[in-house]
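See below for the structure under consideration.
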Amino acid sequence: MKKQILVSKLFVTMCIFDIILAFGLVINASELSLMLFIYFNIILISFKIRYRSSPDLLEPFLVFMAIYTCYCWFSGISMINKQVYSLSVMRTYFICVILGLLGFVLGYLGVFTSKNRIICKITSIKVPYTNLFKIFLAFTICLVIINYHYVFQYFNLADIKPYTETSIRGTRTAWSGALSYISEITLQLLLFTVLLRTFVRRKWSIFALFYLALVTLIAIKGGAKGEVIKVILILAIYINYYKRRLPTFKTLAVFLCLIMFITMYNHVRSTSSIVEMINLTVINVKSNPLNLIPTNGGELGGLSEILCDGIQAINTGMMTFTHGASWVNDLLVFIPSFMFNQRPLPMSEQYVKMFYPSDLLGTGRGWFILSDGYWAFGYVGVVLIMFLYGALLAIFYRHFKNNINNGAFVLVYSLVYLVLVGYATRTGFFGTIKASIMVLLPYILLFETSRIRITKKNYKQLSFKEHPNEVH
């Protein structure tokens, strides 16, 4: 009953906002108002279709739509105010935004309503905790020994470089990507091994809390906002699925605070001193309180430029639709550089090379997920790429829900969540898939290794009640 009341309150709140939009449309019948009204009604209808009881606030469906909405509308309205692009370009941009949302909703909801046997047959994963922990511990120790210099440098609190010094990549070689990947995986597996017992036993140790706090401190000092958000997500996912559901309005308040934190954090990453960061924050807010607005932080303000530049270039004849060639290009990027040294640049880097050739190598501008579709097939491409992303995200979430009692799987889910959901809007469809595979690959290999000793006969007999050491 309480769940139904909660959904009713949320739905009523959304309906009230919808009425306000409709009233505003009557007063000011502009194209932008009409597009915002259509956009919000797609969200309203999809919410009503998807939820019959209390929604899971961390479900990718809700989280992605919230992030996508913030990026698209904050960024788009910022471009309108700056008057950088013509009205026809901005009109095309907002049509793409609406079609992108529609494609995502159709793909995501299509999976949940589908009765396809392949989609619906999602099995649970059962692995013995003892084997799993031993294998991860042994593998992690080996990686730490191999990368001892990198690990030592990472944990050296006295010599943490600010983000402005570490964000620019050096000269890339055929093996630099692979070596960088091994270093990142070492730290990620170290975090997984430390937290594995916590997620399996549902009990935090002092060491796990200390290590998580240490990782957070290093991330803050190094300007790695993504790592800070990852820690928040790990805690949120643990609480939401193993303790109690996150309260709706408090979670929304935290989400808004997180947006302001990210916005201001972009202004203070020129130093690794927390004291100096606080001082810079005070100075920035006092000099211009508008710095707290997301569009002024660089995070949400510039994403629309990527799509608008492409729209304008196609309209003026500077470039044409790739008709799928850009998709083939990004698929080739999946091949490691040491295996294919002459592989093409990803579209995100080709975009910078084409429109901002003076930018330093590695500075980057991100890549809008809608550009994946529009550059290839225009409006049709936007709907198609977002439909595919929504469907894949729904399959992954259904797989997670079927393994929600598996502590190891939930921990992996919390580690890949930021890449798969949080970064998707600004890394693109293919970039998100590639990054997710890179994160998941070592876990898949080690999970399968831990199950080698399980015979077909005793595997069927495994159950959490009979085997307390099993990850379930």
Side-chain angles (χ1 to χ4, degrees), residues 57-58 63 129 132-137 139-141 143-144 147-148 150-161 163 166 183-247 250-251 254-255 257-258 261-262 265 269 272-275 277-278 400 404-423 435 439-440 442-443 446 471:
L57 295 181
L58 293 183
V63 176
Y129 166 69
L132 188 68
F133 180 77
K134 287 180 180 179
I135 289 173
F136 268 93
L137 182 61
F139 191 75
T140 303
I141 290 174
L143 286 179
V144 169
N147 294 284
Y148 73 94
Y150 177 81
V151 175
F152 175 78
Q153 187 178 13
Y154 174 80
F155 287 106
N156 187 3
L157 296 177
D159 190 33
I160 296 178
K161 299 291 189 297
Y163 177 79
T166 60
S183 299
E184 292 174 3
I185 286 299
T186 301
L187 296 176
Q188 185 172 290
L189 291 179
L190 191 57
L191 178 62
F192 178 89
T193 305
V194 171
L195 297 180
L196 180 57
R197 184 178 179 84
T198 297
F199 273 74
V200 171
R201 302 303 184 196
R202 319 286 198 267
K203 185 177 181 181
W204 285 85
S205 66
I206 295 176
F207 178 72
L209 289 171
F210 170 78
Y211 186 81
L212 206 59
L214 179 61
V215 169
T216 306
L217 177 62
I218 293 172
I220 292 174
K221 288 174 68 65
K225 59 187 176 186
E227 295 301 309
V228 177
I229 297 173
K230 183 193 292 185
V231 171
I232 295 174
L233 278 172
I234 289 173
L235 294 172
I237 288 173
Y238 178 85
I239 294 171
N240 190 59
Y241 298 113
Y242 287 154
K243 294 300 179 182
R244 54 187 173 84
R245 283 293 182 91
L246 296 174
K250 289 181 180 179
T251 303
V254 171
F255 179 74
C257 291
L258 192 59
F261 164 76
I262 294 173
Y265 197 46
R269 292 192 291 174
S272 60
S273 169
I274 295 179
V275 175
M277 287 182 179
I278 295 173
F400 161 73
I404 200 168
N405 291 321
N406 183 328
F409 189 89
V410 174
L411 180 54
V412 172
Y413 176 82
S414 67
L415 293 174
V416 76
Y417 190 97
L418 183 62
V419 173
L420 189 61
V421 183
Y423 288 160
V439 172
L440 291 172
Y443 297 108
L446 294 177
V471 179

- prompt: Mind checking what makes side-chain contact (heavy atoms from CB on, under 4.5 Å) contact with Val231, not counting sequence neighbours?
  reply: Leu212, Val215, Thr216, Leu235
message: I need the full list of salt bridge (Lys or Arg N to Asp or Glu O under 4.0 Å) pairs touching residues 227-240, with sequence neighbours left out, sorted by first then second residue.
response: Glu227-Lys230
- prompt: So which pairs with a foot in residues 150-160 pass side-chain hydrogen bond (donor to acceptor under 3.5 Å, both in side chains), sequence neighbours left out?
  reply: Asp159-Lys161
- prompt: With distance as the sole test, does Thr140 use its side chain to make a donor-acceptor pair with the main-chain N or O of Leu137 at under 3.5 Å?
  reply: no
field: Backbone of Ala236 reached by a side-chain donor or acceptor of Asn240 within 3.5 Å
entry: no
Flag the pair [X] / [Y] as yes when their ring centroid distance falls below 6.0 Å, and as no otherwise.
X: Tyr241; Y: Phe400; answer: yes
X: Tyr417; Y: Tyr413; answer: yes
X: Phe261; Y: Tyr265; answer: yes

task: Could you walk me through whether Leu189 and Tyr443 pass the side-chain contact (heavy atoms from CB on, under 4.5 Å) test, one step at a time?
output: CA-CA 9 Å; Leu189 291 179; Tyr443 297 108; 3.7 Å; yes
- prompt: Are any non-hydrogen side-chain atoms of Trp204 and Leu195 less than 4.5 angstrom apart?
  reply: yes
- prompt: Are the side chains of Leu191 and Tyr211 in touch, meaning some heavy atoms are under 4.5 Å apart?
  reply: yes
task: Take Leu217 and Ile274 through the side-chain contact (heavy atoms from CB on, under 4.5 Å) test and state the conclusion after the steps.
output: CA-CA 9 Å; Leu217 177 62; Ile274 295 179; 3.4 Å; yes
